Structure formats: C-alpha cells, structure tokens
Amino acid sequence: MTPAERKERTEKLLAEKGIGINPNLPLTEPASEIELKSTDDICKRAVAALLSTQVGIELSEQHTEDAASFVNLIDHFGVRNVLNSKEEKLINGTATQQDVTDVVWEYECYWALVWALGLIDDISDASGICDCLTAIRLVSKCSGFEDFKSRCKLRSKDEILDMLDLYYRYHWAVVQHEHIDSSCPIGNLVGDVVFERRRGLEWLICDTEDWYDISLDT
C-alpha cells in the first residue's frame with residue numbers, strides 16, 4: 001500500500017467513526033523506507049514495560065514488597081538492561097510522582113507492542129484502556145523471556161504502518177479537540193490512550209531506544 005492509499009483508507013475509517021480529519025497532515029513513510037526494530041528488541045521492551053507498570057502500580061499504592069517482587073521478575077526475564085529513563089528511576093528509587101504516573105500509562109504503549117507481536121488481534125478501538133488482565137497474563141503465563149518470545153510473530157511493516165497512520169490521525173483530532181477547537185469531533189477516543197499507543201507504535205519504526213525521547217507532534 002502506498003502512503004497516499006494508506007492516508008485515503010485511514011481518512012475513510014475516521015469518517016465512519018465520526019472523527020475530525022485534517023487532509024493536510026503529511027503522509028507516513030513507505031514501507032520500503034522504514035526498518036522495524038527486531039522481534040527480540042520488541043519482546044524485551046514489551047516485557048520491561050509490562051513489569052515496570054506493575055512496579056509503578058504497587059509503589060503508588062505503597063506496596064513496596066509487591067513492587068520488589070516485580071523488580072525480581074524484571075531480572076528473571078532478563079530485561080533490566082533495556083529499561084528506559086523513567087523505568088530506571090522507578091527501580092532505583094528516584095522517580096517523581098509524575099514518573100510513576102507516566103510508567104503506569106505504559107500499559108497502553110505495551111498494548112501497541114503486543115499487538116505488533118501478534119498476541120492480540122486489534123487495537124483500533126481507542127475508546128477505553130486496554131484489557132489489563134489479558135495484558136498481564138501475556139507475560140505472567142510465560143516461564144521466562146524465551147517462552148514469551150516463542151509465542152510472538154511480528155506483523156508486517158504495512159500492518160504496523162496502517163495502525164500508526166490511524167493513531168497519528170487520531171492524535172491530531174484529540175489535540176485539536178482538547179487544545180485548539182473543542183468543536184472538532186473525536187467520537188469516543190480517549191486522549192491518553194491514543195497518545196500512549198501512538199508512542200509505542202512510533203517506537204517500533206524509529207532508531208530511538210527510549211520512547212520518552214520520541215517526538216509526538218501532530
């Protein structure tokens with residue numbers, strides 16, 4: 001699918017959902033010009049994010065012993081070396097309350113990654129948060145990292161670019177509605193869900209390791 005065809009398809013979906021469209025938004029890159037991160041790297045990032053969200057949730061509820069058990073799982077799955085800046089602060093005890101909140105929202109970045117890894121069928125509905133129980137079970141049922149990785153099959157570049165294009169245009173509508181023109185329709189979109197899933201999808205195709213360093217302009 002060409003970038004122009006992708007844009008046309010996405011805008012048709014937005015129209016069907018009653019979501020505002022900006023026809024002047026740029027096209028996404030053609031599949032031939034992007035390089036996906038490796039399945040191994042995506043799996044590590046997914047597991048690190050999921051376990052870090054659990055640490056964040058336990059710390060926010062003052063459950064330090066339970067938080068420590070998830071830190072141990074980070075080591076068990078061998079993903080400590082891929083933690084991002086905010087996750088590292090969480091583990092070493094220097095996180096601000098905002099850092100904790102940001103990491104807990106990584107549930108949605110993770111949801112985008114496990115979709116890309118073929119573990120869930122669809123994430124195009126951004127009207128609510130992910131299925132947290134399923135999100136946890138995708139990792140908790142695995143004996144270790146290799147077990148998790150063996151269950152994954154990375155989607156094609158075109159599939160991932162299709163979803164990224166959708167979330168990019170979702171994001172524009174949300175920003176327009178929340179900050180510029182409240183009459184811009186956004187259907188049932190939840191802004192934070194859109195933002196975080198887009199972050200995860202953008203990470204898949206860029207050479208930036210820490211997804212908090214990715215620009216999410218619209």
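Keep in mind that this is a model prediction, so the values were computed, not measured.
- Annotation: side chain of Phe77 is not in contact with side chain of Ile74 (no heavy-atom distance under 4.5 Å).
- Connection of Trp105 to Val175 is not established within any shared hydrophobic cluster, with ILVMFWY side chains joined at heavy-atom distances below 4.5 Å, either directly or through further cluster members.
- Here the CZ atom belonging to Arg151 is positioned 9.0 Å from the CG atom belonging to Leu138, to the nearest 0.5 angstrom.
- At a threshold of 4.5 Å between non-hydrogen side-chain atoms, the residues Met1 and Asp162 count as touching.
- The shortest distance between side-chain heavy atoms of Leu119 and Thr134 does not fall below 4.5 Å.
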Q: Walk me through it: do Leu27 and Arg6 pass the test side chain to side chain contact (heavy atoms under 4.5 Å, CB included)?
A: CA-CA 8 Å; Leu27 302 175; Arg6 178 172 292 115; over 6 Å; no
Q.
Determine whether Trp115 and Ile160 satisfy the following criterion, side chain to side chain contact (heavy atoms under 4.5 Å, CB included), listing intermediate values before the conclusion.
A. CA-CA 9 Å; Trp115 168 81; Ile160 289 169; 4.0 Å; yes
Q) Between Tyr107 and Tyr110, does a ring-ring contact (aromatic ring centres under 6.0 Å, His included) hold up when you go through it step by step? A) CA-CA 5 Å; Tyr107 252 133; Tyr110 162 84; 7.1 Å; no
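- Atom CD of Glu65 has 12 or fewer heavy atoms from other residues, nucleotides or ligands within 6.0 Å.
- Within a 6.0 Å radius of CD in Glu35, no more than 12 heavy atoms belonging to other residues, nucleotides or ligands are found.
- Hydrophobic cluster membership is shared by Leu189 and Ile21, with clusters built from Ile, Leu, Val, Met, Phe, Trp and Tyr side chains linked at under 4.5 angstrom.
- Across all their heavy atoms, Asp147 and Lys141 have their closest contact at OD2-O, 4.1 Å.
- When side chains are defined from C-beta on, Leu113 counts as touching Leu204, because their heavy atoms get closer than 4.5 Å.
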Q: Check step by step if side chain to side chain contact (heavy atoms under 4.5 Å, CB included) holds for Thr94 and Lys89.
A: CA-CA 5 Å; Thr94 61; Lys89 289 178 183 178; 3.5 Å; yes
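- To the nearest 0.5 Å, atom CD of residue Gln54 and atom OG of residue Ser140 are 9.0 Å apart.
- Between Phe148 and Phe145, the ring planes lie tilted relative to each other; the angle falls in the 30° to 60° range.
- No hydrogens or angles considered: a donor-acceptor pair under 3.5 Å links the side chains of Asp210 and Ser85.
- Linking Ile, Leu, Val, Met, Phe, Trp and Tyr whenever their side-chain heavy atoms come within less than 4.5 Å puts Ile19 and Val174 in one cluster.
- Under the 4.5 Å side-chain contact rule for hydrophobic residues, Leu51 and Val100 share a cluster.
- At a threshold of 4.5 Å between non-hydrogen side-chain atoms, the residues Ile42 and Leu117 count as touching.
- Across all non-hydrogen atoms, the minimal contact from Leu83 to Ala48 is CD2-CB, 4.0 Å.
- Trp172 and Tyr167 sit in two unconnected hydrophobic clusters of ILVMFWY residues. Membership requires side-chain heavy atoms under 4.5 Å apart, directly or through other members.
- Leu164 contributes atom CG, which lies 4.5 Å from atom CD of Glu202 (distance to the nearest 0.5 angstrom).
- Considering NE2 of His171 and CG of Leu216, their distance stands at 6.5 Å, rounded to 0.5 Å.
- Judged by distance alone, the side chain of Thr208 and the main-chain N or O of Trp211 form no donor-acceptor pair under 3.5 Å.
- Checked options Glu106, Arg199, Lys86; the residue passing with Tyr212 is Glu106 (criterion: side-chain hydrogen bond (donor to acceptor under 3.5 Å, both in side chains)).
- The residues Lys7 and Asp165 are annotated as not salt-bridged, no charged nitrogen and carboxylate oxygen being separated by less than 4.0 angstrom.
- The side-chain heavy atoms of Met163 and Ser124, taken from C-beta on, include a pair separated by under 4.5 Å.
- Atom CD of Glu178 has more than 12 heavy atoms from other residues, nucleotides or ligands within 6.0 Å.
- Here the closest non-hydrogen pair linking Ile57 and Ser60 is O-OG, 2.7 Å.
- Closest non-hydrogen pair, Ser52 versus Val103, comes out as O-CG1, 3.5 Å.
- When the shell of 6.0 Å around CG of Asn81 is examined, it contains more than 12 heavy atoms from other residues, nucleotides or ligands.
- For the atom pair Arg80 CZ and Glu87 CD, the distance stands at 11.5 Å (nearest 0.5 Å).
- The shortest distance between side-chain heavy atoms of Arg169 and Leu13 does not fall below 4.5 Å.
- Using modelled atom types, one finds no donor on one side chain facing an acceptor on the other under 3.5 Å when comparing Asp158 with Ser156.
- When every heavy atom of Arg45 is checked against every heavy atom of Val82, the shortest pair comes out as NH2-O, 3.2 Å.
- Atom CG of Asp192 is separated from atom CZ of Arg197 by 11.5 Å, given to the nearest 0.5 angstrom.
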Q: Please assess Asn84 against Trp203 for the test side chain to side chain contact (heavy atoms under 4.5 Å, CB included), listing each intermediate value before the final yes or no.
A: CA-CA 12 Å; Asn84 63 40; Trp203 180 86; over 6 Å; no
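- Between the side chains of Asp40 and Ser38, no donor-acceptor pair of N or O atoms lies under 3.5 Å.
- In terms of heavy-atom proximity, Leu50 sits nearest to Thr53 at O-OG1, 2.5 Å.
- There is no side-chain donor-acceptor pair under 3.5 Å between Asp66 and Ser69.
- Side chain of Glu5 to backbone of Thr2: a donor-acceptor contact under 3.5 angstrom is found.
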